[in-house]
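So that the names make sense, note that chain A is the first sequence line, chain B the second, and so on, each numbered from 1. Since the structure is predicted, the reported quantities are computational estimates derived from the model, not experimental observations.
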Protein chains: 2
Amino acid sequence: MELHDAKDKFIQAWGAFGSQWGINRSMAQVHALLLISPEPLSTEDVMDQLNISRGNANMNLRALIDWHLVDRILKTGERREFFQAEKDVWKIATHITRERKKRELEPMVKLLAELKRTEGQNAETKAFRQMTHDLHDLTSRIDAVLERSTRSDVQWFLKAASTLLR
Amino acid sequence: MELHDAKDKFIQAWGAFGSQWGINRSMAQVHALLLISPEPLSTEDVMDQLNISRGNANMNLRALIDWHLVDRILKTGERREFFQAEKDVWKIATHITRERKKRELEPMVKLLAELKRTEGQNAETKAFRQMTHDLHDLTSRIDAVLERSTRSDVQWFLKAASTLLR
DNA sequence: TGAAAGTTTCAAATAGTATTGAAAGAAAAA
DNA sequence: TTTTTCTTTCAATACTATTTGAAACTTTCA
């Protein structure tokens with residue numbers, strides 16, 4: 001396959017994949033583009049290559065920086081800012097996992113902890129208490145696994161274990 | 001907290017959580033409602049309790065059945081169909097994981113396997129090949145972990161291990 | 001300081017998704 | 001067979017999220 005087509009396929013697929021997981025398509029596409037660029041790109045480059053507006057490019061670049069997936073690069077003698085994606089896929093996975101855990105999973109665990117204490121003795125309340133309890137149990141276990149597996153001090157171990165288990 | 005308020009909070013939160021993960025809000029809310037109902041509910045019940053239309057209720061109930069999260073229940077002497085959610089949270093998590101793995105992760109792994117073979121020797125192609133290779137490696141490892149951890153014959157082990165690690 | 005080059009903001013437009021509700025379809029009962 | 005009850009479909013509509021683009025802002029350089 002031609003590089004050009006392959007790049008395009010990758011960018012489209014990454015965008016679609018992202019939106020299935022609640023990530024704005026453009027953001028995922030900008031990320032994809034930067035992932036496969038050997039050199040940092042300017043806002044203009046991103047706009048041109050993805051055919052998106054300046055505002056859109058700017059907003060999504062900032063969002064990616066906020067997610068620690070992209071760094072702002074300043075070249076000496078250049079006025080413009082350039083953008084470069086973190087290229088270590090383990091780091092990427094870790095950052096995304098930790099961020100979503102913090103923003104989405106943890107609040108859910110907290111809510112369930114509260115809801116499972118709802119008082120009452122009728123069948124409806126009992127069923128509610130049982131389900132929220134079980135969900136709290138499950139989500140906090142998942143939370144614990146993710147916490148452990150994304151701690152930087154165990155990443156080396158996981159990489160190794162993952163290789164052995166392959 | 002009142003059961004009524006607690007139920008409502010749970011349904012809203014589950015809906016919001018779902019939509020952050022690419023699941024239609026109504027579908028998540030219908031699921032939440034069925035999760036905490038001790039008895040199976042009819043389409044009418046769902047419509048009333050969530051204030052949604054017949055079409056919407058029907059479509060999402062069917063989607064949930066398709067995802068193996070809800071069963072259709074026939075009561076003897078009743079014309080209507082009733083719906084009941086699977087209540088085992090491990091089973092729920094397993095079904096969702098396997099389904100999304102199949103629908104979303106596996107196609108991505110396959111595409112990356114193809115893209116990482118893009119030929120060419122310039123810097124751009126090399127960077128592309130490197131990144132798609134690394135991503136293929138990561139995604140197929142994740143795929144393997146999920147495959148292993150959701151196989152019914154190891155669920156018993158994971159439940160036990162998870163308890164010990166708590 | 002003023003002009004040039006770039007970045008950021010945000011109201012309005014657009015595109016994309018979800019929801020409604022009425023009509024058609026199906027199955028059971030009369 | 002006709003009526004009744006319930007389910008499913010789908011075109012129209014409402015809603016939400018994304019994107020645009022022009023204006024405001026900031027920084028650098030002459």
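In this structure, the side chain to side chain contact (heavy atoms under 4.5 Å, CB included) partners of B:I65, at least two apart in sequence or on a different chain, are B:V70, B:R72, B:F83. B:L74 meets the side chain to side chain contact (heavy atoms under 4.5 Å, CB included) test with B:E81; sequence neighbours excluded. Here B:D134 pairs with A:V89, B:Q130 under the side chain to side chain contact (heavy atoms under 4.5 Å, CB included) rule; sequence neighbours left out. Every residue was checked against the ring-ring contact (aromatic ring centres under 6.0 Å, His included) condition with B:H133, not counting sequence neighbours, and none meets it.
Identified under the side-chain hydrogen bond (donor to acceptor under 3.5 Å, both in side chains) test for residues 105-119 of chain B, with sequence neighbours left out: B:K101-B:E106, B:K116-B:H136.
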Identify the pairs formed between an N or O of the protein and an N or O of nucleotides 24-29 of chain C at a distance under 3.5 Å, and give each distance.
unit_1, atom_1, unit_2, atom_2, d
C:dA27, N3, B:R79, NH2, 2.9

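Residue B:I73 is found in a hydrophobic cluster whose other members, listed by chain and number, are B:F82; membership requires side-chain heavy atoms under 4.5 Å apart, directly or through intermediates. By the 4.5 Å side-chain criterion applied to Ile, Leu, Val, Met, Phe, Trp and Tyr, B:M59 is assigned to no cluster and stands alone.
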Could you pull out every donor-acceptor pair under 3.5 Å between side chains of residues 35-43 of chain B and any protein atom, sequence neighbours left out?
unit_1, atom_1, unit_2, atom_2, d
B:S37, OG, B:L33, O, 2.7
B:S42, OG, B:E44, N, 3.4
B:S42, OG, B:D45, N, 3.1
B:S42, OG, B:D45, OD2, 3.2

Identify all side-chain donor-acceptor contacts of residues 3-17 of chain B below 3.5 Å with residues at least two apart in sequence or on another chain.
unit_1, atom_1, unit_2, atom_2, d
B:K7, NZ, A:E124, OE2, 2.9
B:K7, NZ, B:Q49, OE1, 3.3
B:Q12, OE1, B:Q29, NE2, 3.3

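Whole-Å rounding puts the A:N58 CG to D:dC25 P distance at 16 Å. Distance CD (A:Q29) to C1' (D:dT19): 13 Å, rounded to an integer number of Å. Counting to the nearest Å, the P atom of D:dT8 and the CE atom of B:M47 are 13 Å from each other. Distance B:E78 CD to D:dT7 P: 10 Å, rounded to the nearest Å. Between A:R62 atom CZ and D:dT26 atom P there is a gap of 14 Å when expressed in whole angstrom units.
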Fill in the blank from the handout: Going 5' to 3' through nucleotides 17-23 of chain C and flagging B where a protein heavy-atom sits under 4.0 Å of the base, S where only the sugar-phosphate is that close, and - otherwise, we get -SSBB--
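Contacts of B:E44 with the nucleic acid, taken as non-hydrogen atoms under 4.0 Å apart, are absent.
Between B:R62 and B:D66, none of the side-chain N atoms (NZ, or NE/NH1/NH2) sits under 4.0 Å from a carboxylate O, so this pair counts as no salt bridge.
Around the CD atom of A:E2, the shell of radius 6.0 Å holds no more than 12 heavy atoms that belong to other residues, nucleotides or ligands.
Within a heavy-atom distance below 4.0 Å of DNA chain D, no residue of residues 64-76 of chain A is found.
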